[in-house]
Amino acid sequence: MQLIFATHNQNKAREIQQMLPPGMQVKTLSDVGIVEEIEENGDTISENSKIKADYVYLRTNQDCFADDSGLEVNTLGGQPGVKSARYAAEHGNSQANLALLLDNLSGIADRAAQFRTVITLIYEGSIHIFEGICRGQIIDQPRGSGGFGYDPVFIPEGYAITFAEMDSEEKNRISHRALAFRKMTDWLKEKAS
Ligand code: ITT
């Protein structure tokens, strides 16, 4: 069985391949001849994951899934949210995004935030949604050099270190993305058994 992942990122695809039963093969967009970037113009993280999955399904008529993620900060009304990659400027610059976030939170005591991933799976023509949430706190100075994006300022609940200070295996065990992917792969395993 073949499942198309709406991404050009081979690393993401490899990671999810390892979580799936043998017999289920993940293909990336390039593997199926989709070379263009899919425009993510939805108003929410969920909408963007659906836009990407719908696009691939329309083009290929095959089982497929798409993910979208973002950081939601309580006191900022859920911002940067769907705009996480382009918070400070249209073309994603993690440093600038991070600086703007810290700026917007300066002097604010409530630093609660969460990373959210939404996966839209189109399987045998039906849509299934899987969500992963990782709650935590935004600190006021970046710490650590691992990960990407907002990792240096995010401390997940139950930890004293940021995602950027954590080794990648540990982050991949507890992250929003890992949780959402695990939900999807568990569901697929159930289907396949
Ligand atoms: P795609 O090409 O797969 O779309 P992306 O960089 O847009 O990659 P996501 O959709 O997963 O990544 O996430 C959107 C933004 O949300 C991302 O650019 C980061 O700013 C932020 N983000 C998401 N997951 C994150 C994580 O685990 N750690 C830090 N920042 C994250």
Side-chain angles (χ1 to χ4, degrees), residues 4-17 26-31 34-56 64-73 76 78-102 104-105 113-121 130-139 142-157 159 161-182 184:
I4 305 169
F5 186 3
T7 185
H8 290 292
N9 186 330
Q10 296 291 344
N11 293 323
K12 269 192 181 178
R14 210 167 304 125
E15 214 176 282
I16 189 114
Q17 178 70 70
V26 174
K27 298 277 180 195
T28 65
L29 292 177
S30 0
D31 293 334
I34 300 178
V35 291
E36 68 274 21
E37 287 291 332
I38 303 170
E39 202 184 341
E40 298 179 31
N41 54 8
D43 291 329
T44 61
I45 293 169
S46 310
E47 259 177 61
N48 273 348
S49 87
K50 182 163 186 307
I51 286 169
K52 290 191 271 185
D54 282 345
Y55 185 98
V56 176
C64 58
F65 66 95
D67 70 326
D68 198 47
S69 306
L71 175 71
E72 300 173 327
V73 180
L76 300 177
Q79 294 291 324
V82 69
K83 290 200 203 112
S84 292
R86 53 192 152 88
Y87 191 36
E90 206 42 51
H91 292 286
N93 170 339
S94 289
Q95 290 299 330
N97 288 339
L98 217 149
L100 178 62
L101 178 71
L102 292 182
N104 288 341
L105 285 175
Q114 61 184 28
F115 276 116
R116 179 205 298 271
T117 294
V118 178
I119 297 175
T120 301
L121 168 71
F130 304 92
E131 187 179 61
I133 286 178
C134 182
R135 294 197 172 81
Q137 297 284 326
I138 304 296
I139 53 171
R143 273 175 22 198
S145 55
F148 70 103
Y150 300 92
D151 281 349
V153 293
F154 183 81
I155 296 190
E157 224 167 67
Y159 288 78
I161 55 173
T162 66
F163 263 170
E165 291 174 308
M166 218 173 246
D167 67 56
S168 61
E169 273 175 23
E170 183 149 31
K171 180 186 168 191
N172 289 337
R173 256 199 310 274
I174 64 163
S175 80
H176 45 304
R177 197 171 294 101
L179 291 175
F181 277 134
R182 216 172 294 133
M184 181 183 79

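Note that the structure is a prediction, hence the values are computed from the model and not measured. Whatever order the structure lists them in is the order used to number ligands and atoms, beginning at 1. Values reported hereafter were calculated over all heavy atoms of this structure, with side chains retained and with hydrogens, waters and symmetry mates removed.
Under 4.0 angstrom from ligand 1, the non-hydrogen atoms of F148 come from both its backbone and its side chain. Here H8 has no heavy atoms under 4.0 Å from ligand 1, in either its backbone or its side chain.
Among protein heavy atoms, atom 13 (O) of ligand 1 sits closest to S69 O, 3.3 Å. Among all non-hydrogen protein atoms, the one lying nearest atom 4 (O) of ligand 1 is E40 OE2, 3.7 Å. At the shortest separation from atom 7 (O) of ligand 1 among protein heavy atoms lies A85 CB, 4.5 Å. Here the heavy atom of the protein found nearest to atom 31 (C) of ligand 1 is F115 CE2, 3.5 Å. Atom 27 (O) of ligand 1 has its closest protein heavy atom at K171 NZ, 2.7 Å. At the shortest separation from atom 24 (N) of ligand 1 among protein heavy atoms lies R177 NH2, 2.7 Å. In terms of protein heavy-atom proximity, atom 16 (O) of ligand 1 is nearest to S84 CB, 3.3 Å. If you check which protein heavy atom lies closest to atom 28 (N) of ligand 1, you get D151 OD1, 2.5 Å.
Of the N or O atoms in K12, one or more lie within a sub-3.5 Å distance of an N or O in ligand 1. Below 3.5 Å of separation, one finds no N or O of N97 facing any N or O of ligand 1.
I45 contributes atom CD1, which lies 11.0 Å from atom CD of E40 (distance to the nearest 0.5 angstrom).
Shown here, atom 2 (O) of ligand 1 is out of close reach of the protein: none of its heavy atoms lies under 4.0 Å off.
Under the 30°/60° scheme for interplanar angles, the aromatic rings of F65 and F181 are found to stand perpendicular.
Using a non-hydrogen distance threshold of 4.0 Å, Y150 registers as a contact of ligand 1.
Ranked by closest heavy atom to atom 10 (O) of ligand 1, the top entry among D67, D68, I45 is D68.
Side-chain contact between E169 and N172 is absent, with no heavy-atom pair separated by less than 4.5 Å.
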